[in-house]
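Comments concern the structure below.
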Amino acid sequence: MSIIPSVNFKSHLADLFAQALRAVAPEAAQTDIVIERPKQVAHGDYACSLAMQLAKPLRKPPRVIAQALIGALPVSDMVEKVEIAGAGFINVFITTAAKQATVKAVLQSGDAYGRGMLGAGRRAQVEFVSANPTGPLHVGHGRGAAYGASLANVLDAAGYKVSREYYVNDAGRQMDILALSTWLRYLESLGAKLVFPGNAYQGDYVRDMAQQVSAAHGAKYLRPVEEVFAHAPDFSEQPDAHLDALIANAKRLLGEDYAYIHNHALTEQLGDCRNDLAEFGVHFDEWFSEQSLFDNGLVAHVVERLKTDNRLYQQDGAWWFRSTAFGDEKDRVVQRDNGLYTYFASDIAYHLNKFERGFDRIINVWGADHHGYIPRVNGALKALGLDSGRLTVALVQFAVLYRNGQKAAMSTRSGEFVTLRDLRREVGNDATRFFYVMRKSDQHLDFDLDLAKSQSNENPVYYVQYAHARVHSVLAQWGGETARLCEADVALLHSDYEKVLLQHLIDYPQIIENAAQDLSPHLIAFYLKDLAADFHSYYNASRFLVDDETVKCARLALIAAVAQVIRNGLALLGVSAPEKM
RNA sequence: GCGCUCGUAGCUCAGCUGGAUAGAGUAUCGGUUUCCGAAGCCGAGGGUCGUGGGUUCGACUCCCGCCGAGCGCGCCA
């Protein structure tokens with residue numbers, strides 16, 4: 001067997017141990033083989049605890065089993081030596097040549113280095129952001145956007161065929177409220193005196209849309225204010241009923257024209273949202289309309305199907321889904337006593353549609369405040385006879401902005417919220433993307449605005465980007481053909497600094513695999529910080545542009561490979577890798 | 001009250017799905033540049049992994065109880 005440069009060392013070793021296991025203890029061949037990276041160099045490059053796991057079932061001392069496993073281990077060019085240590089660890093030392101070969105693998109693979117086969121071409125759908133198009137995206141949506149986009153990139157790199165989707169909530173009450181808000185502002189702009197409801201949308205963008213309508217259509221949609229507010233319950237006593245009455249009046253008074261206002265507001269807000277995300281480097285393959293599920297009858301169809309399957313029952317005039325049968329806390333209404341479907345009903349239809357599209361994995365990125373929805377959605381899928389295991393809900397916790405050590409104020413309905421666009425303009429896209437995914441997604445995020453903006457060593461984004469820029473600065477000074485570095489004599493790379501960097505390069509494909517497996521793009525961010533740190537140490541301790549031509553080329557090859565991996569990693573996070581800063 | 005998530009260095013957080021002596025950044029203190037970018041590097045101090053039990057060769061990791069935090073418990077989306 002020859003050295004395959006792009007091989008994943010860990011899975012290669014797992015394979016070798018699996019073969020040894022089959023030879024030594026066929027009856028235990030199903031045991032999970034865990035290959036890990038020891039913390040101490042004395043423990044080798046990789047370690048396997050298989051012998052200790054087998055001690056009990058085989059009723060033999062772990063060190064005896066370890067010896068047998070080593071004896072049965074197939075020969076590999078990559079393995080220098082194998083040792084038994086401690087209670088029965090098997091420590092594996094990789095040949096220096098195999099490690100050094102990674103440099104060439106990186107340079108030859110280029111942007112493709114790190115891509116793996118975990119996904120094996122299976123189709124994965126990532127649905128994220130999916131914010132109501134009722135106003136600008138705020139900083140909470142931003143985290144979902146950054147996380148979802150990075151996750152999709154990571155899954156793509158891990159060999160999945162990924163589809164990125166935004167579910168557009170274009171049906172339902174919130175959109176009606178937006179349309180009403182726009183219309184009321186429009187009436188105001190034509191001189192009407194009215195009390196704008198406190199629970200309608202307050203933002204300036206609503207006035208902007210109203211202005212557009214009046215500029216394009218003049219007084220075409222003007223109606224008497226008394227009729228707009230006719231028979232509406234008192235706002236202070238019944239704010240929701242007040243708003244619903246206004247919406248009903250708007251629909252009646254405007255007739256066909258209501259659709260125009262509604263549509264205009266939707267188109268404007270969705271367009272704004274799309275531009276915002278595009279500027280943020282977040283793109284979607286599909287913008288899926290909730291309304292389409294009603295228009296093509298899928299919602300009605302799925303509810304009827306649940307009825308005939310006796311998954312629903314009628315109570316107090318409404319139709320309830322027996323979600324308690326699937327572990328939910330209580331049953332849930334899918335169809336109201338007035339005949340209208342709830343959001344849950346269209347959500348069931350949406351998920352059924354997702355499943356029918358044949359994705360092997362369906363990943364919903366949701367705000368953590370929606371976690372209570374998971375049991376009912378899973379329940380609905382099971383009720384429809386679908387394998388809910390194909391669906392994973394990734395929860396994203398809130399992000400809280402800090403400025404001068406103080407929590408930045410952020411209220412939603414008042415129109416004073418901090419928008420994603422504001423944040424991007426203040427901090428920049430790169431730092432915003434990086435900071436959003438620097439933390440585990442299910443962990444609260446304290447977003448330090450001052451740190452994100454600072455152009456200093458404290459800022460992890462600059463720290464990583466700077467490492468990349470430094471390499472290119474050196475390469476520019478050298479001025480040679482970068483392609484030539486593939487021919488460098490990498491056997492000259494053997495200092496401690498160089499060994500550390502080689503190991504990082506080797507680890508990268510595994511990091512991607514872990515990040516994909518755990519849906520954790522933050523692992524990429526931590527990896528890049530570590531890699532950059534060890535590069536900076538190397539930089540300070542060694543000279544690259546030395547007189548010896550072969551040594552120079554070997555070192556340049558190594559740092560060029562480092563830069564390539566930084567570039568690849570940052571790309572997954574949607575962060576640029578500038579050659580000059 | 002019930003459910004979900006979470007408590008790791010002064011602060012912000014990692015910890016490879018149960019492994020060997022728990023790690024970064026920051027803050028504090030002390031060093032470092034006639035030399036490829038100092039947006040850098042080197043070093044020091046800093047811990048009962050909230051707490052009490054349990055499971056086993058082995059627990060920050062898994063289970064249970066308490067303490068504390070966030071979120072969720074609509075015929076809203």
Side-chain angles (χ1 to χ4, degrees), chain A residues 10 32 34-40 42-43 47 49 52-53 55-56 61-62 85-89 91 131-132 134 169 171-175 177 240 290 315-320 328-330 332-338 340-344 346-347 367-375 395 397-398 402 405 438-440 442-446 448 451 454-463 465-467 469-478 507 510-511 513-514 517-518 520 522-523 525-526 529-530 532-533 535-546 555-556 559 580-581:
Chain A
K10 210 168 180 176
D32 263 354
V34 179
I35 305 290
E36 56 190 24
R37 294 279 325 282
K39 288 165 193 152
Q40 295 175 62
H43 293 150
S49 57
M52 288 181 287
Q53 292 171 56
K56 196 162 195 179
F89 286 101
N91 293 335
N132 282 341
T134 53
N169 294 115
R173 185 162 177 268
Q174 294 305 318
M175 270 312 300
I177 297 174
D240 282 338
E290 179 188 8
Q315 186 182 305
D316 303 329
W319 284 94
W320 299 69
D328 199 4
E329 293 172 8
K330 50 167 78 172
R332 310 290 176 176
V333 171
V334 292
Q335 192 172 13
R336 290 178 231 164
D337 53 4
N338 62 9
L340 293 177
Y341 297 105
T342 62
Y343 173 84
F344 181 41
S346 50
D347 227 23
D369 54 333
H370 283 68
H371 72 255
Y373 267 76
I374 300 173
L395 296 176
Q397 285 284 356
F398 297 128
Y402 283 83
M438 231 168 36
R439 300 275 172 265
K440 235 172 357 189
D442 58 0
Q443 203 75 256
H444 287 271
L445 171 66
D446 289 341
D448 186 336
L451 179 61
S454 78
Q455 304 207 346
S456 74
N457 53 347
E458 301 169 18
N459 191 330
V461 192
Y462 284 97
Y463 187 77
Q465 287 179 322
Y466 180 50
R470 260 185 157 176
V471 172
H472 281 277
S473 176
V474 174
L475 291 176
Q477 223 153 112
W478 170 57
D507 287 340
Q510 185 64 45
I511 296 292
E513 209 168 278
N514 292 348
Q517 196 95 51
D518 300 345
S520 295
H522 75 277
L523 295 175
F526 279 94
K529 284 200 285 183
D530 287 344
F535 166 74
H536 285 311
S537 294
Y538 181 43
Y539 182 97
N540 272 75
S542 341
R543 276 193 69 77
F544 309 133
L545 299 176
V546 292
R555 291 178 181 173
L556 290 176
I559 65 170
K580 285 181 181 165
M581 298 172 65

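In what follows, every chain begins at residue 1, and chains take the letters A, B, ... in the order their sequences are listed.
A:Ala368 comes within 4.0 angstrom of sugar-phosphate atoms only, judged by non-hydrogen atoms across all strands, and of no base. A:Tyr539 comes within 4.0 angstrom of a base, heavy atoms only. Among the protein residues, A:Lys580 comes within range of the nucleic acid bases, having at least one heavy atom under 4.0 Å from a base atom. A:Leu523 comes within 4.0 angstrom of sugar-phosphate atoms only, judged by non-hydrogen atoms across all strands, and of no base. At a threshold of 4.0 angstrom between heavy atoms, the contacts of A:Met438 with the nucleic acid are absent. Residue contacts shown for A:Ala541 are absent, as no nucleic acid heavy atom lies under 4.0 Å away. Within the nucleic acid shown, A:Ser49 comes within 4.0 Å of at least one base atom, counting heavy atoms only. Contacts of A:Asp369 with the nucleic acid, taken as non-hydrogen atoms under 4.0 Å apart, involve only primed sugar atoms and P, OP1 or OP2. Within the 4.0 angstrom heavy-atom criterion, base atoms lie near A:Lys10. At the heavy-atom level, A:Asp507 lies nowhere under 4.0 Å from the strands shown.
We find that A:Arg173 and A:Asp240 are joined by a salt bridge, their nearest charged nitrogen and carboxylate oxygen being less than 4.0 Å apart. A salt bridge between A:Arg439 and A:Asp446 is absent, with no side-chain N of the basic residue lying under 4.0 Å from a carboxylate O of the acidic one.
Between B:G72 and B:G15, the two P atoms lie 26 Å apart (nearest whole Å). Taking atom P on both nucleotides, B:A24 is separated from B:G68 by 34 Å, rounded to a whole Å. When the C1' atom is compared between B:U61 and B:G23, the two are found 15 Å apart, to the nearest whole Å. Spacing between B:C13 and B:C73 at atom P, rounded to whole Å, works out to 25 Å. When the P atom is used for both B:G53 and B:C49, the distance is 13 Å, rounded to whole Å. When the C1' atom is compared between B:C29 and B:G46, the two are found 12 Å apart, to the nearest whole Å. Rounded to a whole angstrom, the distance from the C1' atom of B:G10 to that of B:G1 is 37 Å. B:G19 and B:C62 have their C1' atoms separated by 14 Å, with the value rounded to a whole Å.
Distances from the side chain of A:Asp442 to the nucleotides B:C16, B:A14, B:C6 place B:C6 closest. Nearest to the side-chain atoms of A:Ala47 among the listed nucleotides B:A38, B:G19, B:A20 stands B:A20. Considering only side-chain atoms of A:His43, the nucleotide from B:C75, B:G72, B:A20 that sits closest is B:A20. Of the candidate nucleotides B:C41, B:C57, B:G37, B:C41 has the atom lying nearest to any side-chain atom of A:Tyr463. Of the candidates B:G37, B:A20, B:G70, B:A20 carries the atom nearest the A:Ala85 side chain, counting heavy atoms from C-beta on. The side chain of A:His371 has B:G3 as its nearest neighbour among B:G3, B:G70, B:G37. Among B:C76, B:C73, B:C75, the nucleotide with an atom closest to any side-chain atom of A:Asp316 is B:C75. Distance from the side chain of A:Gln40 is smallest to B:A20 among B:C41, B:G37, B:A20. Listed nucleotides: B:G15, B:C16, B:C41. Nearest to the side chain of A:Asn540: B:C41.
Under the Watson-Crick or G-U wobble criterion, with both distances below 3.5 Å, B:C75 is left unpaired in every strand shown. The base-pairing partner of B:A27, taking Watson-Crick or G-U wobble contacts with both distances under 3.5 Å, does not exist among the strands shown. Nucleotide B:C4 has B:G70 as its partner under the Watson-Crick or G-U criteria, with both atom distances under 3.5 Å. Pair check for B:A38 finds none; no Watson-Crick or G-U wobble contact set falls under 3.5 Å. With a 3.5 Å ceiling on both atom-pair distances, B:U21 lacks any Watson-Crick or G-U wobble partner. Across all strands shown, B:A14 remains unpaired; no Watson-Crick or G-U wobble contact has both distances below 3.5 Å. Of the nucleotides present, B:U51 is the one that pairs with B:G65 by Watson-Crick or G-U wobble criteria, both distances under 3.5 Å. Pairing for B:U56 is absent, judged as Watson-Crick or G-U wobble with the two contacts each under 3.5 Å.
For the pair A:Gln517 and A:Ser473, both in contact range of RNA chain B, the more 5′-proximal nearest nucleotide belongs to A:Gln517. Comparing A:Gln510 and A:Phe89 against RNA chain B, the residue whose closest nucleotide sits nearer the 5' end is A:Gln510.
In this structure, A:Phe526 does not count as stacked on the base of B:A14 under the 5.5 Å centre distance and 30° plane angle limits. Between the side-chain ring of A:His522 and the base of B:A14, no stacking contact exists by the 5.5 Å and 30° definition.
The backbone N or O of A:Ala47 sits nowhere less than 3.5 Å from a side-chain atom of A:Asn91 that would complete a donor-acceptor pair. Side-chain N or O atoms of A:Ser520 include one that pairs as donor or acceptor with a backbone N or O of A:Asp518 at under 3.5 Å. Side-chain atoms of A:Asn338 come within 3.5 Å of backbone N or O of A:Leu340 as a donor-acceptor pair.
Considering only side-chain N and O atoms, A:Lys440 lies under 4.0 angstrom from the phosphate OP1 or OP2 of B:G15. When the side-chain nitrogen and oxygen atoms of A:Gln443 are compared with OP1 and OP2 of B:A14, one or more of them lie within a distance under 4.0 Å. The shortest distance between the side-chain N/O atoms of A:Ser537 and the OP1/OP2 oxygens of B:C42 is below 4.0 Å. When the side-chain nitrogen and oxygen atoms of A:Arg336 are compared with OP1 and OP2 of B:G74, none of them lie within a distance under 4.0 Å. Residue A:Lys330 has a polar side-chain atom (N or O) positioned under 4.0 Å from OP1 or OP2 of B:G74.
A:Phe89 CZ to A:His43 NE2: the interatomic distance, rounded to the nearest 0.5 Å, is 8.0 Å.
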Next item on the list: Go through the steps for A:Tyr466 and A:Tyr539 under the test ring pair (Phe, Tyr, Trp, His ring centres under 6.0 Å), then give the verdict.
Entry: CA-CA 12 Å; A:Tyr466 180 50; A:Tyr539 182 97; 7.9 Å; no

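Taking only distance into account, the side chain of A:Asn91 meets the base of B:A20 through a donor-acceptor pair shorter than 3.5 Å.
If you take CZ of A:Arg470 and P of B:U33, they are 15 Å apart, rounded to a whole angstrom.
With a 4.5 Å cut-off on side-chain heavy atoms, A:Asn169 and A:Met175 do not count as touching.
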